[in-house]
Amino acid sequence: MSDNVLSKGLDPQGYIEREGSLGRVPHAFRPVVAAARDRLLDLFGARLHSAYLYGSVPRGTARVGRSDLDLLVALREEPADADHDAVRALGEALDKEFPQIDGVGTLLYGRARLLSAAETYDLGWFVACMCTPLLGEDLAEYLPRYRPDSLLARETNGDLAELLLRWRRRIADADDTDAARRPLVRFMSRHLVRTGFTLVMPRWGGWTSDLTEMAEAFAAYYPERAEQMRAAALLGHEPTGDPAVLRSYVDDLGPWLADEYARVHGVKTPRP
């Protein structure tokens, strides 16, 4: 691999560069971003510490009618169940009002958790490198810089075996329709591709959030699983409701990937 590929997503010192900016938000998505910003302020007021965009919208790669709006919200204290219900309702309202998005996903945490030592190489890294500030004080100012190393790999995605147990329950509880399964296929496809990428990230020596690039980086080191990962990358963009896809994730690709991840990087440190 050439040096320019190996340094992709890194600054000259070898640290992961922060993705996205408000300036990259495509014109079609600016009204929904503005609405989300204003409604978060109305919803939480002084309790809101900060809010961020992440995903394809701030990277400038969102597709009208296909891409979702991803938000991370930090409160000054730990959120209550009612707060989670409130952001879920806000997302549903935005999704109905703005046809240019296909769903809204909002992560909601307290400031203390995002800055805790336990989350430095997981949620902290996510805020510092994957999130674009939208409102309030940027928590990245309190976080370190990050390299694409084995510690980061372990702490971000070293919990796949545990997640697979939850995925099986979600699949079993989902309605037996394509419409109900498509969001699961999209979510699980993306998660598996990202986990496959971070498995090889220290050897690849860089960072990318492009699913196709992630799958190709993985394929260079695990050619025997390359086609499965490439197919998952495609389904992350264009999901189907095929139940066989979900079964293959929790019965084949997922368990293999969890075992290989634990062998290479270890298991994610348990959280309090």
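These numbers come from a predicted model, not from an experiment.
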Next item on the list: Might you work through the side chain to side chain contact (heavy atoms under 4.5 Å, CB included) test for Leu160 and Leu192, ending with a clear yes or no?
Entry: CA-CA 9 Å; Leu160 182 58; Leu192 288 174; 4.1 Å; yes
Margin query: Assess the residue pair Arg37 and Leu40 against the criterion (side chain to side chain contact (heavy atoms under 4.5 Å, CB included)); give the C-alpha distance rounded to whole Å, side-chain angles, the decisive distance to 0.1 Å, and a yes or no.
Written below: CA-CA 5 Å; Arg37 178 195 62 212; Leu40 285 170; over 6 Å; no
Next item on the list: Tell me yes or no: between the side chains of Tyr222 and Glu260, is some donor less than 3.5 Å from an acceptor?
Entry: yes
Margin query: If you count heavy atoms of other groups shown closer than 6.0 angstrom to CG of Asp176, is the number above 12?
Written below: no
Notebook entry, point to check: Can you find a heavy atom in the side chain of His265 that is under 4.5 Å from one in the side chain of Thr198?
Noted result: no
Checklist line | Side chain proximity check, Leu114 to Leu72, heavy atoms < 4.5 angstrom | finding: yes
Checklist line | Test item: Val57 and Ile101 side chains (from C-beta on) under 4.5 Å apart, heavy atoms | finding: no
Check: Hey, is the main chain of Arg47 close enough, under 3.5 Å, to the side chain of Glu77 for a donor-acceptor pair?
Finding: no
Note to self: For a quick test of reading the model, state the closest non-hydrogen atom pair linking Pro202 to Asp149 and the distance between them.
What the structure shows: CG-C, 3.6 Å
Notebook entry, point to check: For the ring pair Phe218 and Trp204, is the centre-to-centre distance below 6.0 Å?
Noted result: no
Check: Between Arg145 (side chain) and Ile16 (backbone), is there a donor-acceptor pair under 3.5 Å?
Finding: no
Check: Are any of the side-chain nitrogens in Asp173 or Arg166 under 4.0 Å away from the carboxylate oxygens of its partner?
Finding: no
Note to self: Between Asp83 and Phe44, is there a side-chain heavy-atom distance shorter than 4.5 Å?
What the structure shows: yes
Margin query: Going by side-chain contact (heavy atoms from CB on, under 4.5 Å), name the residues that satisfy it together with Asp102, two or more places apart in sequence or in a different chain.
Written below: Arg186
Notebook entry, point to check: Is there side-chain contact between Arg225 and Asp252, with heavy atoms separated by less than 4.5 Å?
Noted result: yes
Note to self: Same cluster or not: Phe187 versus Leu235, using hydrophobic residues (I, L, V, M, F, W, Y) connected whenever any side-chain heavy atoms lie under 4.5 Å apart?
What the structure shows: yes
Notebook entry, point to check: So, do Arg59 and Asp210 sit near enough that their side-chain heavy atoms are less than 4.5 Å apart?
Noted result: no
Check: Any side-chain heavy-atom pair from Arg271 and Glu119 closer than 4.5 angstrom?
Finding: yes
Item checked: Nearest-0.5 Å distance, CG of residue Asp138 to OG1 of residue Thr132 -> 9.5 Å
Check: Linking I/L/V/M/F/W/Y whenever their side-chain heavy atoms sit closer than 4.5 Å, directly or via other members, would Leu90 and Leu107 fall into one cluster?
Finding: no
Checklist line | Inter-residue atom distance Asp11.CG - Arg147.CZ, 0.5 Å rounding | finding: 8.0 Å
Margin query: Less than 4.5 Å apart, side chain to side chain, heavy atoms only: is that true for His84 and Pro79?
Written below: yes
Checklist line | CG on Leu234 to OG on Ser189, rounded to 0.5 Å | finding: 9.5 Å
Checklist line | Spatial distance of atom CZ (Arg170) from atom CE (Met188) [nearest 0.5 Å] | finding: 5.0 Å
Checklist line | Sidechain-backbone polar pair: Arg113 side chain, Glu78 backbone, donor-acceptor under 3.5 Å | finding: no
Margin query: Applying side chain to side chain contact (heavy atoms under 4.5 Å, CB included) to His49 and Leu139, what does each step give before you reach the verdict?
Written below: CA-CA 9 Å; His49 177 274; Leu139 288 173; 3.4 Å; yes
Note to self: Applying a strict under-4.5 Å side-chain criterion to I, L, V, M, F, W and Y, I'd like to know whether Phe29 and Leu53 cluster together.
What the structure shows: yes
Note to self: Please say yes or no: joined through hydrophobic side-chain contacts below 4.5 Å, possibly via intermediate residues, are Leu41 and Leu75 part of one cluster?
What the structure shows: yes
Check: What is the minimum heavy-atom distance between Ala128 and Ala140, and which atoms define it?
Finding: CA-CB, 3.9 Å
Checklist line | Short side-chain to backbone donor-acceptor contact, Arg111 and Ala74, under 3.5 Å | finding: no
Next item on the list: In sequence, state the C-alpha distance, the side-chain angles, and the governing distance for Asp251 and Arg168, and then conclude on side chain to side chain contact (heavy atoms under 4.5 Å, CB included).
Entry: CA-CA 9 Å; Asp251 293 339; Arg168 291 187 179 97; 4.3 Å; yes
Next item on the list: Identify whether the distance between the nearest side-chain nitrogen and carboxylate oxygen of Asp42 and Arg39 falls below 4.0 Å.
Entry: no
Item checked: Straight-line distance of Asn157 CG to His191 NE2, nearest 0.5 Å -> 5.0 Å
Notebook entry, point to check: Are the side chain of Arg76 and the backbone N or O of Ala46 linked by a donor-acceptor pair below 3.5 Å?
Noted result: yes
Next item on the list: Indicate the atoms forming the closest heavy-atom contact of Pro148 with Gly14, along with that distance.
Entry: CD-O, 3.8 Å
Next item on the list: Please check if the side chain of Gln100 supplies one atom and the backbone of Ala28 the other of a donor-acceptor pair under 3.5 Å.
Entry: yes
Check: Can you name the nearest heavy-atom pair linking Leu211 to Arg190, along with the distance?
Finding: CD1-CG, 3.9 Å
Check: Knowing that exactly one of Tyr54, Tyr121, Tyr109, Tyr52 qualifies, which makes a ring-ring contact (aromatic ring centres under 6.0 Å, His included) with Phe126?
Finding: Tyr54
Checklist line | N-O pairing of Glu238 and Arg63 below 4.0 Å | finding: yes
Note to self: When you group the ILVMFWY residues by side-chain heavy-atom contacts below 4.5 Å and let the links chain together, are Tyr15 and Met201 in the same group?
What the structure shows: no
Next item on the list: Drop me the distance from Leu246's CG to Thr240's OG1, to the nearest 0.5 angstrom.
Entry: 8.0 Å
Item checked: Smallest separation among heavy atoms of Ala36 and Leu71, with atom names -> CB-CD1, 4.2 Å
Item checked: Heavy atoms from other residues, nucleotides or ligands near CZ of Arg66 exceed 12 (cutoff 6.0 Å) -> no
Margin query: I need the minimum non-hydrogen distance between Arg230 and Ala219, along with the two atoms involved.
Written below: NH2-CB, 3.7 Å
